[in-house]
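Throughout, numbering of the chain's residues begins at 1 and tracks the sequence.
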Amino acid sequence: MALPRESKGSRKIAVPAPVEQRSQRTRNSTRPPPAPKNGRKFDAQVFLDTIGEGRKALLFPRKQTIFAQGDPADAVFYLQTGKVRLTVVSKNGKEATIGILGDGSFFGEGSLAGQLLRMGSATAMTDCAVLRIEKKAMVEALHREHTLSDLFVAFLLTRNIRYEEDLVDQLFNSSEKRLARILLMLAHFGKEGIPESVIPKLSQETLAEMVGTTRSRVSFFMNRFRKLGFINYAGGPEGGLQVHSSLLNVVLHD
């Protein structure tokens with residue numbers, strides 16, 4: 001009689017194997033997909049699930065502050081959809097725009113490098129869907145998930161190259177070329193994918209801050225671009241700006 005019971009026990013011992021296989025598939029399914037090779041973003045929901053605890057999905061309406069200069073730097077943000085404006089205010093109250101971020105951008109990453117307080121502010125230019133990841137959770141995820149780590153490092157390197165290009169642009173190009181380059185970058189010309197037909201409304205003061213010139217010069221160049229058919233105002237409640245690829249002529253012309 002012992003033999004039948006032992007046989008049943010053997011069948012019970014064999015049961016955990018397929019359970020472990022399902023567990024392995026589950027773990028694999030929560031890892032971020034490989035870094036995009038054709039311009040497609042990784043699945044933000046998969047990314048959110050991978051982090052585990054310490055993450056939250058947030059919605060910010062247009063013009064709402066995501067974090068302010070001087071706030072505790074205790075989290076990293078991932079912009080799922082929308083556009084975010086990064087600004088810095090000097091001690092004498094002068095504000096400067098240091099960047100405009102689009103879909104698939106990380107920001108607030110200074111917290112990972114020991115930054116205790118925010119060095120600048122982040123404001124939603126459009127309605128934004130944002131993932132907030134606490135510093136500890138982000139650090140653990142970067143150590144655990146190599147694909148995520150590679151993606152994050154690639155993003156930081158790309159941003160560093162962008163800052164270098166901005167510096168060269170500021171040093172050697174005219175204010176007209178700098179303005180044209182900024183408008184083209186906001187519309188994503190020169191990047192993979194379909195360029196945006198309309199970019200969010202930006203005041204001429206903001207554009208002047210980004211270009212490093214006066215509002216009157218920006219106004220002059222914007223009117224010139226419009227008359228030449230390089231740009232046109234979309235109108236409507238959002239008041240966006242449409243940028244045409246022909247604006248590249250300004251940047252490429254010596």
Side-chain angles (χ1 to χ4, degrees), residues 35-42 62 79-88 96-107 122-128 151 154-254:
K37 297 180 180 181
N38 56 0
R40 292 180 298 178
K41 299 188 296 293
F42 68 95
R62 183 172 175 262
L79 180 58
Q80 188 171 350
T81 59
K83 287 195 179 293
V84 169
R85 178 187 176 199
L86 303 180
T87 59
V88 175
T97 299
I98 58 175
I100 303 291
L101 305 179
D103 299 1
S105 298
F106 290 96
F107 60 103
T123 306
M125 296 179 62
T126 64
D127 293 342
C128 294
L151 182 72
F155 173 81
L156 295 181
L157 291 174
T158 300
R159 176 176 288 184
N160 185 64
I161 292 172
R162 162 72 188 279
Y163 286 155
E164 290 180 353
E165 291 174 346
D166 288 346
L167 179 59
V168 171
D169 189 44
Q170 188 73 26
L171 292 173
F172 297 109
N173 287 333
S174 66
S175 55
E176 181 182 24
K177 282 189 176 183
R178 296 200 302 272
L179 175 59
R181 177 174 174 267
I182 286 173
L183 293 175
L184 288 166
M185 291 182 67
L186 289 173
H188 296 291
F189 281 105
K191 298 183 179 181
E192 294 183 6
I194 301 174
E196 297 181 21
S197 58
V198 178
I199 61 177
K201 182 180 180 180
L202 287 173
S203 68
Q204 293 187 350
E205 289 84 357
T206 298
L207 287 172
E209 293 169 1
M210 298 175 69
V211 173
T213 188
T214 63
R215 179 189 176 282
S216 60
R217 293 291 287 170
V218 168
S219 178
F220 173 80
F221 293 133
M222 291 293 282
N223 287 331
R224 180 180 178 184
F225 293 163
R226 181 177 57 80
K227 291 178 181 178
L228 292 173
F230 297 154
I231 64 172
N232 64 275
Y233 296 96
E238 298 297 327
L241 180 71
Q242 186 170 17
V243 179
H244 302 289
S245 60
S246 55
L247 185 59
L248 282 167
N249 295 329
V250 176
V251 177
L252 299 176
H253 180 70
D254 291 329

Asks: What do the steps show when you test Glu209 against Thr87 for side chain to side chain contact (heavy atoms under 4.5 Å, CB included), and what is the final call?
Replies: CA-CA 10 Å; Glu209 293 169 1; Thr87 59; 5.6 Å; no
Asks: With a 3.5 Å distance limit and no angle check, can you tell me whether Arg85 reaches the backbone of Thr123 through a side-chain donor-acceptor pair?
Replies: no
Asks: Is any side-chain heavy atom of Arg178 closer than 4.5 Å to one of Phe221?
Replies: no
Asks: Has the side chain of Asn223 got a donor or acceptor atom that lies under 3.5 Å from a matching backbone atom of Ser219?
Replies: yes
Asks: Under 30°, 30 to 60°, or over 60°: which ring-plane class applies to Phe106 and Phe155, parallel, tilted or perpendicular?
Replies: perpendicular
Asks: Flag the pair Leu241 / Leu186 as yes when at least one side-chain heavy-atom distance between them is below 4.5 Å, and no otherwise.
Replies: no
Asks: Does the side chain of Val243 reach to within under 4.5 Å of the side chain of Phe230, using non-hydrogen atoms?
Replies: no
Asks: Taking the side chain as C-beta and beyond, is there a heavy-atom pair between Arg159 and Phe107 under 4.5 Å?
Replies: yes
Asks: Are Cys128 and Val84 packed together at the side-chain level, in the sense that at least one heavy-atom pair is separated by less than 4.5 angstrom?
Replies: yes
Asks: I'd like to know if the side chain of Asp103 and the backbone of Gly82 have a donor-acceptor N/O pair within less than 3.5 Å.
Replies: yes
Asks: My understanding is that only residues two or more places apart in sequence, or in another chain, count here; which of them pass salt bridge (charged side-chain N to carboxylate O under 4.0 Å, His left out) with Arg215?
Replies: Glu205
Asks: Arg217: which residues meet the salt bridge (charged side-chain N to carboxylate O under 4.0 Å, His left out) condition with it, sequence neighbours left out?
Replies: none
